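Worksheet for the structure shown next.
From a predicted model like this one, the values you see are computed outputs, not experimental measurements. Atoms considered below: every heavy atom in the structure, side chains included; atoms not considered: hydrogens, waters and symmetry mates.
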Protein chains: 2
Amino acid sequence: MRTDIIADTGTDTATSTHTGVPTINDVARVAGVGKTSVSRYLNGETDALSPALKGRIEAAIAALSYRPNQMARGLKRGRTRLIGILLADLQNPYSVAVTQGIEAACRQAGLMPMLCNTANEIDLQSRYLDLLRTYRAEGLIVNPVGLPDSALLQIGAGGMPLVLLDRTVDGVDCDSVGLDNERAARQMADHLVDNGFETLFFVSESFASVSSRREREAAFVAQAQLRGATPHTLVIDLADPASIAAVLETVGAATVPTRAGKRAAAARANPAARAPAPAARAPAWPRVALLAANGQTMLPIAIALGMRPLPGLGLATFDDPEWLRLAESGITSLRQPTFDIGVNAVQLLNARIDGLDAPARRRTFDAELIVRKSTLAKPARALTGVLPDNPDASLVPSSSS
Amino acid sequence: MRTDIIADTGTDTATSTHTGVPTINDVARVAGVGKTSVSRYLNGETDALSPALKGRIEAAIAALSYRPNQMARGLKRGRTRLIGILLADLQNPYSVAVTQGIEAACRQAGLMPMLCNTANEIDLQSRYLDLLRTYRAEGLIVNPVGLPDSALLQIGAGGMPLVLLDRTVDGVDCDSVGLDNERAARQMADHLVDNGFETLFFVSESFASVSSRREREAAFVAQAQLRGATPHTLVIDLADPASIAAVLETVGAATVPTRAGKRAAAARANPAARAPAPAARAPAWPRVALLAANGQTMLPIAIALGMRPLPGLGLATFDDPEWLRLAESGITSLRQPTFDIGVNAVQLLNARIDGLDAPARRRTFDAELIVRKSTLAKPARALTGVLPDNPDASLVPSSSS
DNA sequence: TTGTAAGCGTTATCAT
DNA sequence: ATGATAACGCTTACAA
């Protein structure tokens with residue numbers, strides 16, 4: 001048995017003057033076995049290998065720190081174990097959270113996820129789609145940009161397994177995972193009405209082309225009406241500070257017990273009079289609530305509001321981003337099981353990769369309603385699971401004083 | 001010339017009963033040319049091709065919607081065009097921002113970045129390192145987890161081109177990109193001292209094993225002392241609310257004109273006396289400032305402070321995350337040129353991939369100091385580039401009232 | 001139990 | 001200017 005690693009006279013076909021990465025031939029030569037045996041070892045067919053050979057191969061692999069070439073493997077077997085993950089917005093904590101689940105599931109399934117940030121640009125999405133075809137990705141998990149994309153339509157029609165994430169796309173009939181938006185929106189509407197809110201604002205970025213936003217809006221409005229409340233839908237442009245201000249003004253005008261809102265409302269109702277606000281009134285139970293279509297939408301609103309509850313205004317949002325836990329803003333939230341969503345996306349996809357031929361499946365998940373102070377009818381009433389609020393923003397948080 | 005696409009009698013070697021993805025053989029057959037010519041066309045060797053052939057090939061490729069198999073290409077040429085991007089924390093907006101630059105530069109260089117979130121876990125980092133070796137990635141850009149990793153050391157020593165991002169690692173001698181931490185920290189210390197701050201707090205997560213934090217702390221402290229100010233370093237654990245509270249309490253105790261801080265300071269200085277605070281004093285110019293080691297550290301602090309400036313406390317941070325622009329918190333920041341950093345990481349790496357053999361290079365970038373209200377000596381003094389602040393957090397932002 | 005040889009889709013070397 | 005043919009590193013019949 002030969003032990004020299006840099007040997008130049010291969011017992012095999014090759015000429016092997018070595019400069020580069022070790023191949024299976026090198027391992028075979030060093031171990032003094034045929035490459036077939038090495039291949040078998042690599043593929044776990046250990047039962048058909050004598051312990052002696054197995055040991056020699058193991059040693060050789062370690063000595064060379066050999067790693068099988070996945071490209072060559074993929075070429076031969078026709079499966080690269082690569083899957084593409086296209087995310088419309090990696091800035092959104094939701095995307096990263098789902099990614100965590102995807103990566104964990106991929107690890108278990110022996111898949112390699114290729115994360116691609118399409119940054120809400122349709123041409124980036126098609127570019128990555130093309131690139132992934134080129135690398136023979138075995139499947140795709142796509143959180144699509146909210147615009148029609150011929151490349152995506154083609155993929156949906158053509159052979160490559162495809163799972164849509166959070167959003168569906170008209171004309172693409174494939175597996176999908178996401179929140180049960182209808183149920184979550186109804187749940188939230190019920191919670192708000194149950195707690196005495198009568199005027200309900202739904203705030204969202206443009207939702208014409210984003211299915212999840214559409215579903216949330218429709219269900220929230222419907223349920224609110226059903227329960228006798230008055231819903232309004234506000235479209236916000238997060239890139240435009242004026243738009244954010246406008247939304248706050250609109251909501252503020254409807255908020256009765258708030259100074260600014262009251263002034264604004266009064267001024268609006270009767271611009272000439274400038275009636276001073278009546279000093280005392282019945283206890284100011286909140287009656288106006290605002291529900292944001294996702295965490296990214298709520299953030300600028302909460303910031304503009306100083307990250308703390310305002311008397312007379314209930315705040316709620318889809319998603320439960322990290323900063324909500326830091327802020328004692330009393331913002332009620334609908335937490336998505338992002339990790340599970342990611343895991344299930346991979347499961348659905350992997351089944352297709354393994355050859356499953358079935359009609360499109362959709363897996364939806366329930367949101368967890370996390371009630372916080374601003375949407376409770378009576379702040380004084382004790383309620384389990386309610387987080388404490390910070391009445392005055394002194395330097396030292398109330399919890400430590 | 002044959003035009004049937006599904007034909008089963010190949011003029012070539014293959015048996016070609018077609019079920020799967022079209023290959024270069026299919027294109028050759030449909031176009032009625034040799035595969036060599038197709039390969040030449042694909043590689044842009046158009047000068048050695050008659051226009052006639054070129055046209056036929058073009059048509060065939062379009063008809064089949066053929067895409068060359070990058071795996072096979074990589075196998076033959078030895079270059080996969082794949083590079084691995086390992087990020088210690090994809091939750092950090094900094095990482096995503098740099099990613100944008102990386103992706104743009106990759107597009108231009110014809111590289112395919114594989115984003116991997118190591119989630120601050122050392123074993124995930126080694127796992128991905130291994131996986132990327134397996135896929136024969138041509139190079140690596142790594143924002144390393146702040147812990148020694150034998151796998152990374154090995155890569156650094158071994159052949160694969162490697163560029164370190166933001167952080168360097170002891171014992172790994174390779175190219176790196178990042179902020180000029182020393183210069184930025186000095187710049188900030190100067191700014192604060194120039195504006196009358198005397199007590200300076202540097203707040204950071206554990207920085208023993210993270211080079212960038214170490215550099216920032218050391219330079220900030222040194223420059224503060226040089227300028228006659230009193231620096232303190234506070235280590236914070238962002239996962240622990242009590243730790244955040246403790247930091248705020250410490251800083252608050254040092255903040256003279258603040259009610260809570262004043263009380264605390266007095267009590268601390270003279271526990272027995274309980275001297276009431278002197279009612280009137282000279283105008284309360286800020287004299288205590290807090291600098292966060294990065295945006296992630298500042299976020300919970302700003303939230304606890306209600307996202308608005310506090311009299312007597314200057315706030316500043318490395319990084320300039322999106323939420324800073326939304327908040328009118330007066331937080332001064334050191335904006336990193338994240339896009340450029342990403343682009344340069346790819347440039348450095350690509351040069352190595354193209355065979356450059358040179359000693360390790362380091363490219364540093366200057367931060368842009370963005371001055372906001374809380375760190376100005378006299379709020380009244382007009383200064384260009386200063387953002388307006390929101391004195392009272394009414395529902396309607398001041399800009400629109 | 002182990003080895004030989006063919007071939008995955010591409011490019012590179014050689015003919016023509 | 002164009003095409004046959006041999007690798008690239010691996011898996012997989014098929015032999016031995």
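- The separation between A:R77 atom CZ and C:dG9 atom C1' is 17 Å, rounded to whole Å.
- A straight line from CZ of B:R81 to P of C:dT11 spans 13 Å, rounded to a whole angstrom.
- Taking for each of B:K76 and B:T36 the nucleotide of DNA chain D with the nearest heavy atom, the 5'-most of the two is the partner of B:T36.
- Here C:dG9 presents its P atom at 15 Å from CZ of A:R133, a figure rounded to the nearest Å.
- Counting to the nearest Å, the P atom of D:dC8 and the CG atom of A:D26 are 11 Å from each other.
- Between the A:S126 side chain and the A:I122 main chain, a donor and an acceptor come within less than 3.5 Å of each other.
- Judged by distance alone, the side chains of B:R362 and B:S176 do bring a donor and an acceptor atom under 3.5 Å apart.
- The distance from the CZ atom of A:R79 to the CD atom of A:Q70 is 10.5 Å, given to the nearest 0.5 Å.
- Residues B:L75 and B:E45 each lie close to DNA chain C; by heavy-atom proximity, the contact nearer the 5' end of the strand is made by B:L75.
- One can find a donor-acceptor pair under 3.5 Å joining the base of C:dG3 and the side-chain atoms of A:R40.
- Considering only heavy atoms from C-beta on, B:I102 stays 4.5 Å or farther from B:V343 through its side chain.
- Out of C:dT2, D:dA1, D:dC10, the shortest distance to the side chain of A:R73 is found at D:dC10.
- Rounded to whole Å, the distance from CG on A:N25 to P on D:dC8 is 8 Å.
- Side-chain proximity of A:S39 to the nucleotides D:dA6, D:dA1, D:dT11 is greatest for D:dT11.
- Between the C1' atom of C:dG9 and the OH atom of B:Y41 lies a distance of 19 Å, rounded to the nearest Å.
- Between A:D130 atom CG and A:D123 atom CG the span is 12.5 Å, to the nearest 0.5 Å.
- Proximity note for B:S50 (side chain, C-beta onward) versus D:dT2, C:dG3, D:dC10: the nearest is D:dT2.
- As rounded to whole Å, 15 Å separates atom C1' of D:dA13 from atom CG of A:N43.
- Of the candidate nucleotides D:dC10, C:dT2, C:dT10, C:dT10 has the atom lying nearest to any side-chain atom of B:I24.
- Between its two ends, the helix from C:dT1-D:dA16 to C:dT16-D:dA1 turns its axis by 40°, counting five pairs per end and rounding to 10 degrees.
- Taking 4.5 Å as the limit, some side-chain heavy atom of B:L132 sits within range of a side-chain heavy atom of B:L86.
- In this structure, CD1 of A:I57 is placed 8 Å from P of C:dT2, rounded to the nearest angstrom.
- Mapped onto DNA chain D by nearest heavy atom, A:Y66 and B:L53 fall at different nucleotides, with B:L53 at the one closer to the 5' end.
- Within 6.0 Å of the CD atom in B:E58, the count of heavy atoms belonging to other residues, nucleotides or ligands exceeds 12.
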